[in-house]
Amino acid sequence: MTLQQINYALMISESGSMNKAADKLGISQPTLTNAVRELEREIGAEIFLRTPKGVVPTAEGEEFLCSIGQLYRQYELVCEKYINKDMKRKFGVSTQHYSFAVSAFIETVKQFGTLEFEFAIRETETLNIIHDVGSLKSEIGVLYISSFNRKPITKLLEENELEFTGLIKCRAYVYMWRGHPLAGEESIGLEQLAPYPCLSFEQNGSNGYLFAEEILSENIYPRMIKATDRAAMGELMKTLYGYTLCSGILCEEMNGSDYVVVPFREDSENHNTVMEIGYIRKKHGALSEIGERYIEELKLSLKKNAKPEPINTVYQD
């Protein structure tokens with residue numbers, strides 16, 4: 001198995017097409033096809049399924065691509081540091097839909113600039129965050145853990161050789177448009193929210209509720225709407241009086257002043273709980289200089305925007 005073959009396989013997976021991959025690599029399709037067939041013979045498994053719409057990884061191929069993706073990213077890092085000194089260094093963050101994480105990313109980019117570094121921030125689903133960091137597509141992932149999702153999240157982190165570092169603990173808040181009929185309340189219970197749709201970010205898979213970005217996702221809500229991005233979520237809050245349950249960390253420089261957070265009031269059937277927000281990274285190996293700076297900016301953003309209550313205690317190093 002050669003690095004060239006690995007590069008070919010990863011490009012096919014990224015492109016979803018033999019033709020597109022060959023064009024990007026600057027080689028002929030027969031050359032690419034023969035190289036992949038030789039690789040498949042060598043590992044004793046079919047990596048891709050050829051379909052009329054393109055190519056997709058097989059189950060074994062998906063596992064293989066994940067493994068070689070980590071290997072090839074390490075190779076690229078070595079090249080960036082020791083060989084291709086003119087090549088832009090890469091830094092990526094994958095995060096749940098947190099404005100404070102984006103704010104920290106912006107501050108990091110300001111300090112390092114885009115001339116010598118290639119930056120990427122990916123607001124995505126929880127499982128994608130774990131996959132991105134596990135495959136080294138992103139150096140850091142930002143997500144939360146609670147008593148409800150701790151077991152499945154921890155299992156996936158172990159499988160991907162990742163570790164979680166907690167930064168802040170928060171109780172639930174109701175996040176809504178400033179013009180919502182309940183926006184002026186001191187606290188809000190679920191019975192008051194029943195006439196309004198509960199909003200949540202869509203998660204893939206039949207067990208998507210286990211990886212929900214919203215706290216108290218195990219509760220039953222009579223009205224539910226799924227969204228995939230923060231812009232759509234904001235419009236649903238304004239036009240349909242929707243709400244979501246979150247950490248209460250509202251970054252006004254990113255969200256503006258059109259939204260408010262109100263403490264969630266628990267009752268005998270709907271208890272409050274604690275969400276611990278933090279970051280994930282590979283267990284082995286040191287963070288890059290940019291990664292370390294991003295973590296510091298993340299801590300600063302949390303301190304600046306977190307609600308001043310005892311449960312929201314930022315951990316000190």
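Just so you know, these numbers use all the heavy atoms, side chains as well, and skip hydrogens, waters and symmetry mates. Residue indices begin at 1 and follow the sequence shown.
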Undergrad: His131: which residues meet the ring-ring contact (aromatic ring centres under 6.0 Å, His included) condition with it, sequence neighbours left out?
TA: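 Testing His131 for ring-ring contact (aromatic ring centres under 6.0 Å, His included), a comparison that skips the adjacent residues, returns none.
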
Undergrad: Going by the rule salt bridge (Lys or Arg N to Asp or Glu O under 4.0 Å), which residues pair with Lys151 if we only count those two or more places apart in sequence or in a different chain?
TA: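 Per chain and number, Lys151 pairs via salt bridge (Lys or Arg N to Asp or Glu O under 4.0 Å) with no residue.
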
Undergrad: What residues form a ring-ring contact (aromatic ring centres under 6.0 Å, His included) with Tyr8, not counting sequence neighbours?
TA: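 For Tyr8, no residue satisfies ring-ring contact (aromatic ring centres under 6.0 Å, His included) once neighbours in sequence are set aside.
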
Undergrad: Which residues pass the salt bridge (Lys or Arg N to Asp or Glu O under 4.0 Å) test with Glu60, not counting sequence neighbours?
TA: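 Expected list: none.
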
Undergrad: Would you please name every residue forming a ring-ring contact (aromatic ring centres under 6.0 Å, His included) with Tyr98, sequence neighbours left out?
TA: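 Applying ring-ring contact (aromatic ring centres under 6.0 Å, His included) to Tyr98 gives Phe100.
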
Undergrad: Just distance, no hydrogens or angles: give the donor-acceptor pairs under 3.5 Å from side chains in residues 35-43, sequence neighbours left out.
TA:
residue: Glu40; atom: OE2; partner: Ile47; partner atom: N; Å: 2.8
residue: Glu40; atom: OE2; partner: Phe48; partner atom: N; Å: 3.3
residue: Glu40; atom: OE2; partner: Arg50; partner atom: NH1; Å: 3.4
residue: Glu42; atom: OE1; partner: Met1; partner atom: N; Å: 3.2
residue: Glu42; atom: OE2; partner: Met1; partner atom: N; Å: 2.4

Undergrad: Quick one: which residue pairs count as a salt bridge (Lys or Arg N to Asp or Glu O under 4.0 Å) with a foot in residues 186-196, not counting sequence neighbours?
TA: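 As it turns out, the salt bridge (Lys or Arg N to Asp or Glu O under 4.0 Å) pairs with a partner in residues 186-196, which skip direct neighbours, are Glu191-Arg265.
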
Undergrad: Got a sec, which residues hit ring-ring contact (aromatic ring centres under 6.0 Å, His included) with Tyr221, two or more places apart in sequence or on another chain?
TA: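 Checked Tyr221 against ring-ring contact (aromatic ring centres under 6.0 Å, His included); zero matches.
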
Undergrad: Among residues two or more places apart or on two chains, list those pairs meeting salt bridge (Lys or Arg N to Asp or Glu O under 4.0 Å) that have a residue in residues 236-247.
TA: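 Of all non-adjacent pairs touching residues 236-247, those that pass salt bridge (Lys or Arg N to Asp or Glu O under 4.0 Å) are Lys238-Asp258.
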
Undergrad: Any side chain to side chain donor-acceptor pair (under 3.5 Å) involving residues 101-110? Give me the pairs, sequence neighbours left out, ordered by first then second residue.
TA: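 Applying side chain to side chain donor-acceptor pair (under 3.5 Å) to every pair that reaches into residues 101-110, excluding sequence neighbours, yields Ser103-Glu253, Glu107-Lys110.
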
Undergrad: Under the salt bridge (Lys or Arg N to Asp or Glu O under 4.0 Å) test, which residues partner Arg150, sequence neighbours left out?
TA: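 Checked Arg150 against salt bridge (Lys or Arg N to Asp or Glu O under 4.0 Å); matches are Glu276.
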
Undergrad: Partners of Lys20 by salt bridge (Lys or Arg N to Asp or Glu O under 4.0 Å), sequence neighbours excluded?
TA: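 Partners of Lys20 under the salt bridge (Lys or Arg N to Asp or Glu O under 4.0 Å) test: none.
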
